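For reference, the structure discussed in these notes is given below.
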Amino acid sequence: MPVIESRLHAASESFQAHRAGMLALLGQVRAHEARSAAASNASAERFARRGQLLPRERLALLLDTGAPFLPLASLAGLGHDNEDLGKSVPGGGVIAGIGQVSGVRCMVSASDSGIDAGALQPMGLDKQLRVQEIALENRLPYVQLVESAGANLMQYRVQDFVRGGGIFRNLARLSAAGLPVVTVTHGSSTAGGAYQTGLSDYIVMVRDRTRAFLAGPPLLKAATGEIATEEELGGAVMHTHVSGLGDYLAEDDRDAIRIARSILGGIDWARGEATRQFAPPLYQAEELLGIMPGDGRQPVDMREVIARIADGSEFLEFSEHYGSATVCGHIRLEGHAVGIVTNNGPIDSDGATKATHFIQACCQSRTPIVYLQNITGYMVGRAHEEAGIIKHGAKMIQAVTSATVPQITLHCGASYGAGNYGMCGRGFAPRFCFSWPNARTAVMGGEQAAKTMAIVMEAGMARKGTVDRTKIDTMQQQIVERFERQMSVFTTSALLLDDGVIDPRDTRAVLAEVLSVCRDADARVPQAMQFSVARP
């Protein structure tokens, strides 16, 4: 395939400014993630007194040493517990990601029990539902390390209680789909949360630490008058010897993790595809830091991004001279054949038609598609309306919606208006969706929105005979500030409108990992059943 000839000048002032801006944003992402880990690790002394490992220590023991681990939704709930982002603790009370356990690629979810005893934090429910959805769609075994106080009753919301049932439904669906659910119950698993343990195919419990019951001693006494200790009511020994809820009795956290790894190691599960041969890109990943400008209105040639993620920087562009602002073509990425759809400007009728054709051709050849979003929207104006931009844009959206191959979306820059939809935004259910720290998502730019409303407001005032320019200017400023705040990746990722914010330099590795996940999933035929595995 042809090799992209880069025209990027890494020594230029603009490149260095873009790089500095990206590094500053990336530093903010890492600071938020570090604050969450520090808040959890602050419980180290208490965990040590109980003979327990911290959640991240458990996870480190569970995962294969040296194997890749892809964390998901690390900024979930940022700013929802505290409007001061510098004090907010993101993550939703859950540590989740895709990693390998005894050579088996799994979805792993761990209660962050170092924070509020593992109670779900804001957006924690949505995060659990999302990672379960990823596991189902990509046919991944599900491993959960449970120690949770459940819902925070002081912040009870009936909608969370009702929607929370989706967690348990998904556990049953995973098992019925032939995807093993392995649970280590390190501590409390009470009330409705007890079903997080009960709806598992393999359950490991820890002596003197596991607690699983529908009603704890206080509620039991209040409801029935019966008095029982936690150990008598729902301890590990009782459940592994009497109730049959537990399958394995571990002596401590380390022993429990050892057993969980043995369970995965003993399952006859395909260990993934053979290593592929490929050539690295000709250009350095480090240069991805300086490509995207801080001002999303500045033009960017997205081929410069492709050149730094494609094997050998090779790119076979599709219909290059037709609808040229919409860039489509084929690459290989660590040996995986991939279709690329990206933008060097707004999508016009020709670009939408080309993208529709290309997406359908990728489906014909079973080629996964990666969307590199940097899109201000579809073209507007009388000439474009006459050219049929709505119907051609609708064709593209229909193609994205009905595509039969894995679609992966990366927000590299702007994602505005219907361009978000046509480029497979979150609403169109891509298999995975990630963002760079500079990504911005909105129905339109803040200044556009402000000017639009100013025109409407001024016309309304004119009809009444008086135009108050000060009032219009104040309204415009408020709209710009509102849009700027909401379009930031620190808002969109907190709301789980992506699966995580990644370092641009990790783009190739992240895409290679999820492409491998998708390929393995599509090749795997689990032993699906009518019902999930029931406890004895």
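This is a predicted model, so every value here is computed, not measured. Note that these values count all heavy atoms, side chains included, but never hydrogens, waters or copies made by symmetry.
Using a 4.0 Å cut-off between charged nitrogen and carboxylate oxygen, E45 and R49 count as a salt-bridge pair. The existence of a salt bridge linking D520 and R139 is excluded, since no basic side-chain nitrogen approaches an acidic carboxylate oxygen closer than 4.0 Å. Taking 4.0 Å as the cut-off between side-chain N and carboxylate O, D498 and R130 do not count as a salt-bridged pair. Contact check on R440 versus E484 returns a salt bridge, with a Lys/Arg side-chain nitrogen under 4.0 Å from an Asp/Glu carboxylate oxygen. For the pair E513 and R105, the salt-bridge criterion is met [side-chain N within less than 4.0 Å of a carboxylate O]. Taking a cutoff of 4.0 Å between a charged side-chain nitrogen and a carboxylate oxygen, R254 and D252 do not qualify as a salt bridge.
Between L511 atom CG and S516 atom OG the span is 12.5 Å, to the nearest 0.5 Å. Here D64 contributes atom CG and L62 contributes atom CG; the two are 8.5 Å apart, rounded to the nearest 0.5 Å. Here the straight-line distance linking atom CG of N374 with atom SG of C412 works out to 7.0 Å at 0.5 Å rounding. Between the OG atom in S415 and the CE atom in M487 there is a gap of 10.5 Å [rounded to 0.5 Å].
Between P180 and W269 the shortest side-chain heavy-atom distance falls below 4.5 Å. Between T409 and M423, every side-chain heavy-atom pair lies at or beyond the 4.5 Å cut-off. Side-chain contact between Y142 and N170: absent, with no pair of heavy atoms (C-beta onward) separated by less than 4.5 Å. Looking at heavy atoms from C-beta onward, D311 lies in side-chain contact with R508 at the 4.5 angstrom threshold. Side-chain contact between I263 and Y248 is present, with at least one heavy-atom pair separated by less than 4.5 Å. Side-chain atoms of I259 and V184, non-hydrogen and from C-beta on, never get closer than 4.5 Å to each other. Side-chain contact between I167 and L129 is present, with heavy atoms from C-beta onward closer than 4.5 Å. Between L72 and M107 the shortest side-chain heavy-atom distance falls below 4.5 Å.
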Practice task
Please step through side chain to side chain contact (heavy atoms under 4.5 Å, CB included) for the pair F483 and V443, ending with a clear verdict.
Solution key: CA-CA 9 Å; F483 268 69; V443 67; 3.7 Å; yes
Handout entry: Derivation of the side chain to side chain contact (heavy atoms under 4.5 Å, CB included) call for I291 and W436
Key = CA-CA 12 Å; I291 292 175; W436 283 358; 5.7 Å; no
Exercise for the section: Apply the test side chain to side chain contact (heavy atoms under 4.5 Å, CB included) to residues R308 and Q284: give CA-CA distance (whole Å), side-chain angles for both, the deciding distance (0.1 Å), then the verdict. Expected result: CA-CA 6 Å; R308 287 156 181 83; Q284 297 300 311; over 6 Å; no
Exercise for the section: Before giving the answer on side chain to side chain contact (heavy atoms under 4.5 Å, CB included), spell out for R426 and D499 the whole-Å C-alpha distance, their side-chain angles and the decisive distance to 0.1 Å. Expected result: CA-CA 9 Å; R426 175 62 109 192; D499 295 321; 2.8 Å; yes
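No hydrogens or angles considered: nothing links the side chains of S111 and S148 as a donor-acceptor pair under 3.5 Å. No side-chain donor-acceptor contact under 3.5 Å links T441 and T492. The closest side-chain donor-acceptor pair between R56 and N41, if any, does not fall under 3.5 angstrom.
A donor-acceptor pair under 3.5 Å is formed between the side chain of T210 and the backbone N or O of T185. The backbone N or O of Y371 sits nowhere less than 3.5 Å from a side-chain atom of Q407 that would complete a donor-acceptor pair.
Heavy atoms only, all atoms of each residue included: L249 and R207 are closest at CD2-NH2, 3.3 Å. Considering all non-hydrogen atoms of both residues, P90 and S36 come closest at O-OG, 2.9 Å. Nearest heavy atoms, A521 versus R431: CB-NH1, 4.3 Å. In this structure, N438 and M22 approach most closely via the heavy-atom pair OD1-CE, 3.0 Å. The two residues S88 and N82 come nearest to each other via the heavy atoms CB-O, 3.7 Å. Scanning both residues, E232 and M238, for their nearest heavy atoms gives O-CG, 3.9 Å.
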Could you tabulate the donor-acceptor pairs under 3.5 Å formed by side-chain atoms of residues 114-128, not counting sequence neighbours?
residue	atom	partner	partner atom	Å
D116	OD2	Q121	NE2	3.4
Q121	NE2	A119	O	3.0
D126	OD2	R163	NH2	2.8
K127	NZ	A73	O	3.1
K127	NZ	G91	O	3.0
K127	NZ	V94	O	2.7

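Residue pairs meeting the ring-ring contact (aromatic ring centres under 6.0 Å, His included) criterion with at least one member in residues 27-85, sequence neighbours excluded, are H32-F490.
Across R58, R211, H186, a single residue satisfies side-chain hydrogen bond (donor to acceptor under 3.5 Å, both in side chains) together with E147, and that is R58.
Heavy atoms from other residues, nucleotides or ligands lying under 6.0 Å from OH of Y195 number 12 at most. Few gaps surround CZ on R46; more than 12 heavy atoms of other groups in view lie less than 6.0 Å from it. Around the CZ atom of R30, the shell of radius 6.0 Å holds more than 12 heavy atoms that belong to other residues, nucleotides or ligands.
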